[in-house]
Each structure stands twice: as C-alpha cells, then as structure tokens.
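Step one of this worksheet: look at the structure below.
Source: prediction; values computed, not measured. Numbers restart at 1 for each chain; the letters A, B, ... are given by sequence-line order, proteins then strands.
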Protein chains: 2
Amino acid sequence: MAIRLVIADDQAMIRTGLRLVIETAPGIEVVGEAADGRQVLTVARQLRPDVLLMDIAMPGLDGLSAARQLLEDPEPPKIIMLTTFNTDDNLHASLRARVHGFLLKSSPAEQLIEAVRVAAAGGAVIDPAVTPRVIDSFAAQPQPVPAPELATLTPRELEVLRLLADGMSNPEIARDLRIGEVTVRTHVGHILRKLSLRDRIHAVVFAYEAGVVRPGRGRDDVRDGSC
Amino acid sequence: MAIRLVIADDQAMIRTGLRLVIETAPGIEVVGEAADGRQVLTVARQLRPDVLLMDIAMPGLDGLSAARQLLEDPEPPKIIMLTTFNTDDNLHASLRARVHGFLLKSSPAEQLIEAVRVAAAGGAVIDPAVTPRVIDSFAAQPQPVPAPELATLTPRELEVLRLLADGMSNPEIARDLRIGEVTVRTHVGHILRKLSLRDRIHAVVFAYEAGVVRPGRGRDDVRDGSC
DNA sequence: CCCACAATCAGCCCAAAGTACGAGACATTT
DNA sequence: AAATGTCTCGTACTTTGGGCTGATTGTGGG
C-alpha cells in the first residue's frame with residue numbers, strides 16, 4: 001500500500017512543486033494539501049495520512065503549533081518540518097515537538113522523498129546541514145560532574161542531602177525520615193564537613209551541580225499554590 | 001580532489017568489505033586502514049585524511065576514546081562512528097564527542113557513501129533508525145519552566161537572586177554589589193515575598209528550576225580548594 | 001506637583017541553622 | 001575482644017536569616 005502524504009505550505013507554487021516532485025516517486029501518494037495551520041488540522045484529522053510534509057512559516061496557525069497539536073492526537077501522522085531558513089529557534093522548537101523530520105527547502109528532491117519513506121517507516125531524518133548543530137546542542141547539554149566526594153557519604157547522608165536539596169528544613173527532614181531533628185543536624189553537619197561546604201545552601205547548589213537532583217523533574221512541593 | 005578516507009575496524013573482513021563498497025564510489029579514496037584505537041591515532045595523524053570511518057568496539061583503545069582524542073587535535077578529520085548494535089550508551093557518548101556521523105553497520109552502502117560525502121562537506125549524518133531516539137533525548141532535556149512571577153522582579157532583585165542562587169550569604173552579596181547588608185536583606189525579603197518562597201534555600205531551588213541559573217556552568221566559587 | 005516604585009539604609013525580635021562535645025546501640029571487620 | 005563506622009539522640013552556644021516597622025532618595029508618569 002502506498003504511503004499517503006499531505007502537503008502543507010502557504011504558497012501554492014511550493015505546494016504544486018512539492019506535489020510534482022513527490023509524485024515522481026513510486027509508492028507515495030499525495031492525498032491532500034493545506035495552506036495554513038488550521039487547514040492542516042482539519043485535513044490531517046480527516047484524511048489521516050501516514051506522513052505530513054509541512055512548512056514552518058504559515059499565516060494564522062503556524063506549522064510548529066499545528067505539529068504540536070497534531071502530535072497530541074492518538075496515532076498522529078509522521079510529521080516532517082520544512083523550512084527555508086534554518087534558525088536555531090525553528091530547529092529546537094521542532095525537535096522539542098518530537099517531529100519525525102526536519103529538512104531545508106534547499107534539499108534535493110531525492111532527500112525529500114527518502115525522508116518521507118523513512119518517516120513512514122518509523123525513522124526520522126534531520127537535514128545533514130543542520131545535524132552538526134543538533135549534535136552540538138546535544139554535546140553542550142551539561143552532564144553533571146560526578147563529584148568523587150559523593151562516595152564518602154553514607155547512604156543515610158545521601159538521603160538527607162536529597163531532601164536538603166529539595167529545600168526542606170531540618171524539622172521537615174526529621175519528620176520525613178522519622179528521626180529526631182538533632183539527628184538531622186548531625187547528618188547535615190557530616191555532609192557539610194565531608195563535602196567541604198559552608199552551609200546547607202551550598203549543599204543545594206552542590207546537589208544540583210553534581211546531578212544529585214535535577215531541574216525539571218517537577219518537585220512541586222517547593223512552589224506554593226500561587227499559580 | 002578526491003575525499004581521502006581512513007577505515008578503522010578490528011575485523012579485517014569488515015575493513016575489506018568497507019573498502020570494496022567505498023571504492024565503488026567516485027571521488028572517494030581509501031588511503032589507510034587501522035585495526036585498533038592506537039593504530040587509528042597514529043594513522044590518522046600521519047595521513048591526515050578528510051574523513052575517518054571508525055567502529056566503536058575495538059580492542060585496546062576503543063573507537064570512542066580514539067575519536068575523543070583525535071577531535072582534540074587541530075583540524076581533526078571528520079569522524080563517522082560505525083556500530084553493530086545501537087545502544088543508547090554508544091549513541092550518547094558519540095554525540096557528546098561531537099562526531100560527524102553515527103551509522104549502523106546494517107546501513108545500506110549508498111548511505112555510507114553519502115555520509116562520507118556529507119561529513120567531508122561539513123555536515124553530519126545520524127542513522128534514520130536512531131534519529132528518533134536523538135530527537136527524544138533532545139525533547140526530554142528539561143527546559144526550565146519560565147515562571148511568570150520572575151517578571152515581577154526588578155532588575156536589582158533578579159541580580160540578587162542570581163547571587164543568592166550561587167550560594168552567597170547576605171554580607172557576600174552586599175560586598176559583591178557594593179551595597180549594605182541591610183539593603184540585601186530588603187531585596188531578599190522582596191524576592192521571597194514576590195515569588196512566594198519560604199526562605200533563601202527555596203529561592204536557590206527556584207532559581208535552578210526556573211533556569212535563572214543552570215548547572216554545569218562552572219560556578220567554582222562554591223566549591224572550596226579541597227580538590 | 002504628586003504618586004508609585006525602585007533602591008538604599010536602620011533597629012528589633014525570634015526562629016533556624018551551624019558548631020562543639022558527648023554518648024549509646026548496632027553491625028562488620030580484624 | 002577490640003576497633004571501626006553508622007545511625008541515633010542530647011545540651012549549650014553563636015551566628016545567620018527573615019519578619020516587621022519604619023525612613024530617605026531619585027526617577028518616571030499622570
């Protein structure tokens with residue numbers, strides 16, 4: 001069965017161009033087109049194509065927002081983003097949306113066709129010209145330096161450190177661990193001494209820098225109900 | 001001028017197979033081979049090829065370590081990693097090393113050849129089969145939630161918050177900003193009130209979670225000289 | 001001109017945190 | 001049996017931090 005494809009771009013010329021290019025490829029069938037984000041949503045949800053080839057810049061609802069919404073659906077189409085200029089913004093936002101392809105419009109036709117096939121098969125394609133930037137971003141994401149002093153902490157102390165890094169006070173830690181506050185003080189003291197830290201605040205910083213705790217892993221007990 | 005290529009793999013059969021495949025491609029010339037990591041280092045540094053096609057698993061010095069060392073050199077070759085099985089470990093380590101390609105040995109010959117050309121041209125290639133995982137990792141990396149309350153902070157208060165998140169005490173912040181400690185206390189008080197935080201420790205946690213400060217950006221004034 | 005806001009500074013009070021010193025219970029190792 | 005390490009708890013003391021109630025100065029907008 002042929003791969004069913006929908007093309008989304010605000011410029012009619014580009015749409016017909018893409019359609020012509022794609023239809024030279026066997027096994028791929030263009031089943032629909034859309035000229036803006038809203039059309040994409042209805043068309044894609046109605047036709048349920050295998051792959052969606054979509055420009056990022058479109059009037060009204062842009063391609064990225066449309067992609068994000070579609071990817072919320074059950075069994076969404078594989079989405080390949082197309083863009084004229086490759087800004088980091090477009091790239092990062094697309095990857096964050098977990099699209100299945102990111103190509104430049106300057107790409108040769110074969111690459112486009114190959115990308116459609118790959119996406120339909122469950123793979124993903126990033127334009128070779130932008131891939132170095134993806135790798136750079138990947139390499140740049142800070143990996144916590146495993147502090148050797150961490151090994152000197154006893155299991156209990158490490159436990160206390162985690163709670164400490166969550167912003168808990170000594171009485172709170174005591175309640176959480178079902179021990180006396182004095183004991184917590186002792187543990188905290190040991191932690192500070194072993195890690196050569198001045199106070200619990202430095203301990204929090206250390207915990208984040210060493211990867212003992214990580215940001216973004218929703219520790220919602222810190223924020224209150226103000227939002 | 002032809003692309004000068006070196007092949008590194010511990011299995012002689014694979015090397016000859018790769019060589020045969022590659023030499024069918026015009027414009028690419030295999031100028032050398034290596035059977036382990038140490039050989040790669042000497043061969044690559046002596047022949048100075050444009051591209052290095054290297055297996056990850058090799059006896060002695062493995063391909064990844066060799067790649068890391070080579071990429072420290074000035075004008076290193078473009079390095080494409082090859083691997084039989086695609087574990088996340090291999091993938092992440094390779095990308096972290098900033099290689100220019102990551103392919104599976106199961107890839108078709110044309111893809112290999114294309115990857116060599118792309119790498120030589122300054123691009124990079126990731127096997128379409130593993131690209132979804134790369135995108136997933138990318139999307140999974142926590143992007144700090146931009147807390148709206150941050151906007152309510154005055155510039156000065158934000159400044160204080162940053163120093164606060166570095167673990168500085170009130171007197172230290174005062175010295176750093178050349179203001180009185182009392183003023184710092186006032187600022188801190190305002191910060192805590194505006195952000196609905198209990199104490200400065202929660203402020204540190206907030207700063208990390210909201211991305212006001214990021215881990216890994218070497219704030220070495222926190223740790224002391226114990227190492 | 002007045003008002004709101006930001007930034008600066010002051011004194012007072014109390015809770016929290018950190019330090020010092022000590023000690024008992026329990027486990028493992030020597 | 002002795003030593004070591006961990007976890008637990010206690011008392012007393014000092015320093016730091018945060019809340020509270022003020023004040024002054026400068027700046028920008030209505």
- Output yes when R156(B) and E159(B) qualify as a salt bridge under the 4.0 Å nitrogen-oxygen rule, no when they do not. yes
- Whole angstrom is fine here: how far is it from CD1 in I191(B) over to P in dG17(D)? 14 Å
- If you look at every strand shown and take non-hydrogen atoms under 4.0 Å, does H187(A) touch a base, only sugar-phosphate, or nothing? base
Please set out all donor-acceptor pairs under 3.5 angstrom arising from side-chain atoms of residues 58-70 of chain B, sequence neighbours excluded.
unit_1: D62(B); atom_1: OD1; unit_2: S65(B); atom_2: OG; d: 2.4
unit_1: D62(B); atom_1: OD2; unit_2: L64(B); atom_2: N; d: 3.4

- What's the CD1-C1' distance between I173(A) and dT8(D), to the nearest Å? 16 Å
- State whether N170(B) places a side-chain N or O below 4.0 Å from either non-bridging phosphate oxygen (OP1 or OP2) of dG17(D). yes
- Salt bridge present between K194(A) and E157(A) (N-O < 4.0 angstrom): yes
- With distance as the sole criterion, is a donor-acceptor pair present between the side chains of S107(A) and D127(A) under 3.5 Å? yes
- Task: Could you check how far NE2 of H190(A) sits from P of dG5(D), rounded to whole Å?
- Result: 12 Å
- Message: Heavy-atom nearest nucleotide on DNA chain C for D199(B) versus I179(B): which residue maps closer to 5'?
- Response: I179(B)
- 5′-ward residue of the pair R185(B)/P171(A) relative to DNA chain C: R185(B)
- Task: Verify, without hydrogens or angle tests, whether H100(B) (side chain) and A119(B) (backbone) share a donor-acceptor contact under 3.5 angstrom.
- Result: no
- Message: If I take atom CD1 in residue I201(A) and atom P in nucleotide dA17(C), what distance separates them, rounded to the nearest angstrom?
- Response: 10 Å
- Query: Is any N or O donor-acceptor pair between the side chain of R198(A) and the base of dG18(C) shorter than 3.5 Å?
  - Reply: no
- Query: Do the charged groups of K105(B) and D9(B) touch, with an N to O distance under 4.0 Å?
  - Reply: yes
- What integer distance in Å separates L197(B):CG from dG19(D):P? 10 Å
- Message: I need the CG-P distance between L177(B) and dA7(C), as an integer number of Å.
- Response: 11 Å
- Query: Does T183(B) have a side-chain nitrogen or oxygen under 4.0 Å from the phosphate oxygens OP1 or OP2 of dC9(C)?
  - Reply: yes
- Query: With a non-hydrogen cut-off below 4.0 angstrom, is R178(A) in contact with a base, only sugar-phosphate, or nothing?
  - Reply: nothing
- Nearest whole angstrom, please: distance from the C1' of dT16(D) to the CG of L192(A). 14 Å
- Message: Classify R200(B) by what it touches in the nucleic acid, base, sugar-phosphate, or nothing, heavy-atom distance under 4.0 Å.
- Response: sugar-phosphate
- Kindly state which residues belonging to residues 151-160 of chain A come within less than 4.0 angstrom of DNA chain D, counting heavy atoms of the residue only, listed by number. T154(A), P155(A), R156(A)
- Query: T186(B) near the nucleic acid: base, sugar-phosphate alone, or nothing, with a heavy-atom cut-off under 4.0 Å?
  - Reply: base
- Task: Please say whether more than 12 non-hydrogen atoms of neighbouring residues, nucleotides or ligands are located less than 6.0 Å from CZ in R98(A).
- Result: yes
- Query: Over how many whole Å does the gap from R193(B) atom CZ to dG19(D) atom P extend?
  - Reply: 6 Å
